[in-house]
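Only this structure's heavy atoms are used, side chains among them; waters, hydrogens and symmetry mates stay out. Throughout, protein chains are lettered first and strands after them, A, B, ... in sequence-line order, and every chain is numbered starting at 1.
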Amino acid sequence: MEKKLYIATAIPYVNGTPHIGNALDYLIADIWTRYQKQNGHEVRFQVGTDEHGNKIAAKAAGLHMDPKAYTDSTYVNFENMVKKVGASYTDFIRTTDDHHVAAVQYIWQTLAPYIYKGTYKGWYCVGHEAFFTDKEVQATNGICPDHQTPYEQVSEENYYFKTSVFTDLIRDAIMTDTMKIVPEFRKKEFLDLIKDGLQDVSISRPKKNLSWGVPVPGDPEQIMYVWIDALANYITVLGYPDKEGWQQYWPADVQVIGKDILRFHAGIWPAMLLGLGLELPRKLLVHGFVIVGGEKMSKTVGNVVDPNEIIDSYGLDAFRYFFSRHIPTLDDGDFTWEKFENAYNSELGNDLGNVVQRVASMITRYQAGVIGEAPQGEHDMSAYHEVMDNLEFNKAMDEVWQMVRSLNQYIENVKPWEIAKKISKDSEAESHLSEVLAYCVGALLQIGDLLVPFLPATAEKIHKTFESGVIVPTDGVLFPKLYLHTPDPQAPKAA
RNA sequence: CGCGGGGUGGAGCAGUCUGGUCAGCUCGGAUGGCUCAUAACCAUCAGGUCGCAGGUUCGAAUCCUGCCCCCGCAACCA
């Protein structure tokens with residue numbers, strides 16, 4: 001029996017609309033999920049939303065809504081985005097779910113030996129709903145640059161979680177790759193960050209400062225701050241602690257996170273798990289940010305790219321293609337509409353789409369669509385599997401495109417159209433031709449297999465066209481040319 | 001002396017750990033070939049002091065030293 005696998009994504013805060021970073025989370029997790037399913041694993045794939053906190057409460061109040069009613073209306077945007085990128089998720093969790101809330105309170109009680117009450121004094125920014133260090137306050141002359149409001153000196157009672165006591169265990173787990181942080185440089189970065197030990201973390205707020213959240217068990221004056229509430233989702237969604245079956249999936253095989261939230265997932269979260277006596281996730285996949293034309297995406301600059309627009313214009317597989325191949329899985333990547341369209345036209349259209357088309361067309365033309373026995377694709381896939389296992393999906397796509405290229409070169413070398421001309425004179429030409437074309441089909445079917453995790457719809461079309469032994473014509477070509485952001489070479493030249 | 005990543009032909013990158021077989025790949029450009037194909041495909045060519053200055057070596061993009069420049073991060077920012 002293969003082990004059941006669990007893959008989890010960070011849950012975004014529902015204050016706002018889904019952006020390309022969220023889409024990237026879902027896409028990466030989905031590629032891994034489909035890859036593992038293809039390898040015969042059963043996979044549970046979680047997504048969800050973080051719905052508590054002051055910003056939500058404030059936004060709801062602004063709309064004269066109850067916070068829950070507000071999140072009921074917005075979480076859907078995220079679920080739609082998950083579906084839009086084709087993510088094959090199995091579970092969607094909201095931190096306002098009843099089971100989650102109850103489970104979080106159970107977790108708090110279980111962690112009680114590591115929780116103590118303390119007083120926090122510091123400079124507080126209402127807009128951030130967060131405290132800032134003296135250094136930061138000095139650097140900004142006491143005015144929060146984001147909100148243009150002065151920091152206030154605030155003192156409040158909080159509960160703290162003793163993450164510090166788990167420092168050595170966590171450091172050890174990271175160093176030995178028991179909890180493997182991928183890529184390596186993120187691992188180093190984090191180890192450096194905790195070289196002086198983890199610092200205890202404040203996990204509650206007085207009710208007067210934070211009303212919308214999970215109540216602290218046994219203390220009506222305190223509400224849980226984001227950490228325990230949000231991070232716990234990764235296990236509560238599986239049914240922890242009371243529903244059957246979660247043990248089959250925990251520990252997670254991979255947790256997909258952005259580089260901005262590594263410290264929480266590599267520090268606080270493992271501490272919680274250790275406090276609960278649970279295993280740590282096997283791997284943390286830390287991806288980078290999507291930048292646009294070399295600049296950070298930001299609303300004020302107005303360069304925000306909406307994933308919906310890409311998918312609506314070019315199709316889902318085109319979106320999945322660009323963001324899996326041209327945005328490195330483990331690093332920042334650059335998006336521009338020109339880059340996207342060039343990749344679409346030349347790589348998806350000219351390379352992949354065209355080679356599918358030309359092979360299908362030759363078989364139809366020379367052999368009335370009959371393929372015969374296609375041999376197993378003989379390309380060595382070990383490089384592909386190696387980079388997949390290293391979670392470098394972009395490199396796996398490079399491997400696939402290498403194969404596409406080779407196939408085009410092969411066709412050019414063998415020149416099936418010339419063999420076809422000899423059929424009337426040369427008795428061996430006919431079998432030679434069908435052998436050549438069957439080889440091409442074998443290669444295409446292999447390419448199709450490798451594309452399953454990345455471009456599910458395209459992979460299916462390729463299989464459908466070739467796998468039956470007879471060409472099944474498709475409607476239109478795979479990736480028709482589009483010139484929405486780059487000049488159309490066929491357009492009449494401007495004077 | 002805070003930490004990390006990076007500076008390679010017009011653009012984007014690989015190669016640096018394990019010195020020579022490295023100056024490579026993709027896009028873009030030029031030329032040619034082909035006609036099965038989505039004006040697609042294939043081949044060839046142009047070309048870069050491998051950030052700068054020293055050093056080690058028979059030999060350095062690759063190792064050592066110093067310097068310059070760019071980009072993140074710097075703990076409660078999902």
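Atom CD of A/E338 has more than 12 heavy atoms from other residues, nucleotides or ligands within 6.0 Å.
On a pure distance criterion of 3.5 Å, a polar donor-acceptor pair joins the side chain of A/W227 and the base of B/C76. Evaluation of atom-type donor-acceptor distances gives a pair under 3.5 Å for the side chain of A/N354 against the base of B/A37.
B/A40 atom P lies 18 Å from atom CD of A/Q409, rounded to whole Å. Distance CG (A/N15) to P (B/A78): 10 Å, rounded to an integer number of Å. At whole-Å resolution of the value, CD in A/E347 and P in B/U26 are 11 Å apart. In this structure, A/F78 places its CZ atom 13 Å from P of B/A78, rounding to the nearest Å. Nucleotide B/C34 holds its P atom 17 Å from the CE atom of A/M362, rounded to whole Å. Here B/U26 presents its P atom at 15 Å from CH2 of A/W401, a figure rounded to the nearest Å. The CG atom of A/L24 sits 15 Å away from the C1' atom of B/A78 (whole-angstrom rounding). Rounded to an integer number of Å, the gap from A/L478 CG to B/C41 C1' is 16 Å.
Note on A/R263: every side-chain N or O is 4.0 Å or more away from OP1 and OP2 of B/C73.
Within 4.0 Å of A/Y366, counting heavy atoms only, lie sugar-phosphate atoms of the nucleic acid but no base atom.
A salt bridge links A/D168 with A/R171: the distance from a Lys NZ or Arg NE/NH1/NH2 to an Asp or Glu carboxylate oxygen falls below 4.0 Å. Ion pairing between A/K421 and A/E418 fails under the 4.0 Å rule for side-chain N and carboxylate O. Classification of A/E347 and A/R325 as a salt-bridged pair holds, one side-chain N sitting under 4.0 Å from a carboxylate O.
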(message) ring-ring contact (aromatic ring centres under 6.0 Å, His included) for A/H326 and A/F340? Distances and angles first, verdict last.
(response) CA-CA 9 Å; A/H326 293 291; A/F340 185 93; 9.1 Å; no
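For the strand RNA chain B, secondary-structure stems (runs of at least three Watson-Crick or G-U pairs, all distances below 3.5 Å) span B:2-7 with B:68-73, B:10-13 with B:24-27, B:29-33 with B:41-45, B:51-55 with B:63-67.
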